[in-house]
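Proteins get letters first, then strands, A, B, ... in listed order; numbering begins at 1 in each.
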Protein chains: 2
Amino acid sequence: MQITRASEYAIRAVLFMARSPYRDVVLKKDICRTQDITPAFLTKIFQPMIKHGIIGSQRGVGGGFFLAKRPEEISLLDVIRAQEGEILLNTCLEEKGTCSRDMICPVHNTWRELRETMLESLSGKTFTDLLQTEQEIQKNLQQNA
Amino acid sequence: MQITRASEYAIRAVLFMARSPYRDVVLKKDICRTQDITPAFLTKIFQPMIKHGIIGSQRGVGGGFFLAKRPEEISLLDVIRAQEGEILLNTCLEEKGTCSRDMICPVHNTWRELRETMLESLSGKTFTDLLQTEQEIQKNLQQNA
DNA sequence: TGATTGTTGACTTGTTCCGTTAACTTTCTG
DNA sequence: CAGAAAGTTAACGGAACAAGTCAACAATCA
C-alpha cells in the first residue's frame, strides 16, 4: 500500500522542471543532482512519462527534458498513473468478472468508493498547487527564522 | 497500491465468522471451503489476527476459531492493519526524520491527508455494516429475480 | 492413549522493486 | 563530415515481498 520510489522520483523531477519557465529544456544531470536520483534510473522513469505526454525530450547537444504540459495541467495522479498504472486497491476492481463474488461481495463498494476518493484527491493536486504550497512553506520558514 | 491476498482472505474469513453467533467456534475447513482459501494459508493469516485480538482460537477436538470481538467492534482497518501493518502511502510518512526533505516537501501534506481519509474510511466500516450491506444486496437480487 | 485440532518456523516459487549496463540513435558543433 | 553530447531501448541482476506449502510440535478431548 505504498507508492514506488519511481513515482516519488517522478514527482520530484516534474516539480523541479515546473520551477523552470514552461517548455525550457532542463539537463538530466541537473535533475539528478538536485533530486537525488541516479541518471540511469531517471532515464527509465522518464520513458513512460514521455509516452503519456507529460514530459518531452530533445536529443543531441543541448538536449534534455521539458514539461510537455503546463504545471496546472499535470496532477499527481497523472504522474503516478504513468509510473504504476491504474490505482485499484483490490484485484476485484480490475475487470468486470474477475471477481466471482462480484455480485454478492459487500466489500466491493467500499473499495470502489475509497478508490474514487483517492483519485479525486490525487487528480485535484496539480503541480501549480505544489509550487504554491512550496512557496508558502518557505515563507513560513523565513518568518520563524 | 493494492491490498494483499492475505488481507482479502482475512476479510472474507472474518465476515464468514461474523455470520455465526458471537463467540461460536467455527471450523477451519468450513471457512476454507466456503471462502476459497487453502488451510495452510489460512493458518498463517490467522496468527497475526489472534495476536491483535481480533479472533480467538481453541485447540483440540471440537476446536477452531471464533471472533474475539463483536462484529461492530471490528473494522476493515483492523483486519488490514493486522495483515499489512500501517498504511503509509510513502516512505516519508514512516518516521520523523526518514525524509530529509521533510520540512520543504510540498507533497508531504497531500500524502498525510490522503492517508487520513483512507484510515477514516476503513475504520468506519465495521463487519456489522458489511453484514447489513450483504443483506441489502441479497434482498435486491431476490426482488429482481 | 490416540485422534483432532491449533502453533511455529523454515522453506519454495514466482513476481515486483530498484536499479545497472551496454549497444544504439539523434542532434548539434566545428 | 567527424565526433561529441545528448536521449532510447532491451536485457540483466540482486533483494525483497507475495502467496503459499510443509513438517514437527503442543494442546485438548473422548
Side-chain angles (χ1 to χ4, degrees), chain A residues 1-13 17 24-33 35-52 54-68 80 82-92 94, chain B residues 1-13 17 24-33 35-68 80 82-91 94:
Chain A
M1 206 61 107
Q2 256 188 243
I3 62 162
T4 60
R5 292 300 78 201
S7 290
E8 163 76 14
Y9 293 156
I11 292 167
R12 282 189 206 173
M17 289 192 280
D24 261 25
V25 168
V26 299
L27 288 155
K28 181 160 71 174
K29 66 177 167 194
D30 285 339
I31 304 175
C32 291
R33 186 164 31 76
Q35 307 305 309
D36 298 315
I37 313 167
T38 64
F41 198 27
L42 188 64
T43 297
K44 191 174 181 179
I45 288 166
F46 269 177
Q47 292 317 306
M49 309 267 284
I50 293 169
K51 291 208 173 87
H52 278 75
I54 297 170
I55 65 174
S57 62
Q58 178 60 47
R59 291 188 180 190
V61 179
F65 300 94
F66 54 90
L67 291 189
I80 293 175
Q83 290 301 320
E84 310 189 18
E86 276 305 324
I87 290 178
L88 285 167
L89 295 185
N90 198 346
T91 50
C92 70
E94 267 168 31
Chain B
M1 205 61 107
Q2 257 188 240
I3 62 162
T4 60
R5 292 299 80 203
S7 291
E8 162 76 14
Y9 294 156
I11 291 167
R12 283 189 205 173
M17 288 192 280
D24 262 24
V25 168
V26 299
L27 288 155
K28 181 161 72 174
K29 65 177 167 196
D30 286 339
I31 304 174
C32 291
R33 186 165 27 77
Q35 307 306 309
D36 298 316
I37 313 168
T38 63
F41 198 27
L42 187 64
T43 297
K44 191 174 180 179
I45 287 166
F46 269 177
Q47 292 318 306
M49 310 266 285
I50 293 169
K51 291 211 173 85
H52 278 75
I54 298 170
I55 66 174
S57 63
Q58 179 59 46
R59 289 187 182 190
V61 179
F65 300 94
F66 54 90
L67 292 190
I80 293 175
Q83 291 301 320
E84 311 191 17
E86 276 305 324
I87 290 178
L88 285 166
L89 294 186
N90 198 346
T91 49
E94 266 168 32

Exercise: identify the closest heavy-atom pair between B:Arg5 and A:Asn90: NH2-OD1, 2.5 Å
Test side chain to side chain contact (heavy atoms under 4.5 Å, CB included) applied to A:Met1 and B:Ile3, step by step: CA-CA 6 Å; A:Met1 206 61 107; B:Ile3 62 162; 3.3 Å; yes
Gap between atoms CD and P, on B:Gln35 and D:dA19 respectively (whole Å): 18 Å
d(CG, A:Leu42; P, D:dT8) in whole Å: 11 Å
Interatomic distance where CG belongs to A:Leu88 and P belongs to C:dT16 [whole Å]: 14 Å
Euclidean distance, atom CZ of residue B:Phe65 to atom P of C:dT4 [Å, nearest integer]: 17 Å
Any side-chain donor near an acceptor of the partner, B:Ser7 and B:Glu84, under 3.5 Å: yes
Side-chain donor/acceptor contact of A:Lys44 with base of C:dG19 under 3.5 Å: yes
Phosphate OP1/OP2 of D:dA19: any B:Tyr9 side-chain N/O under 4.0 Å: no
Sugar-phosphate only, base, or nothing, as touched by A:Ile50 at under 4.0 Å among non-hydrogen atoms: sugar-phosphate
Contact under 4.0 Å: A:Thr38 side-chain N or O vs C:dT20 OP1/OP2: yes
Separation of atom CZ in B:Arg59 from atom P in D:dC25, rounded to whole Å: 14 Å
Phosphate contact (D:dA6 OP1 or OP2) by A:Ser57 side-chain N/O below 4.0 Å: no
Touch class at under 4.0 angstrom, heavy-atom based, for A:Gly63 against every strand present: sugar-phosphate
Minimum heavy-atom distance between A:Gly62 and A:Val25, given as atom pair plus value: O-CG1, 4.0 Å
Gap between atoms CD and P, on B:Gln83 and D:dA19 respectively (whole Å): 11 Å
Nearest to side-chain heavy atoms of A:Val61, which nucleotide of D:dA19, C:dT20, C:dT29: C:dT29
Spacing of B:Lys28 atom NZ relative to C:dT7 atom P, expressed in whole Å: 8 Å
Contact summary for A:Asp36 and A:Tyr9, nearest pair of heavy atoms: O-CE2, 4.0 Å
Nucleotide C:dG19, atom P - distance to CG of A:Asp36 in whole Å: 11 Å
OP1 or OP2 of D:dT8 under 4.0 Å from side-chain N/O of A:Thr43: no
B:Gln58 side chain near D:dT28 phosphate (N/O to OP1/OP2, under 4.0 Å): no
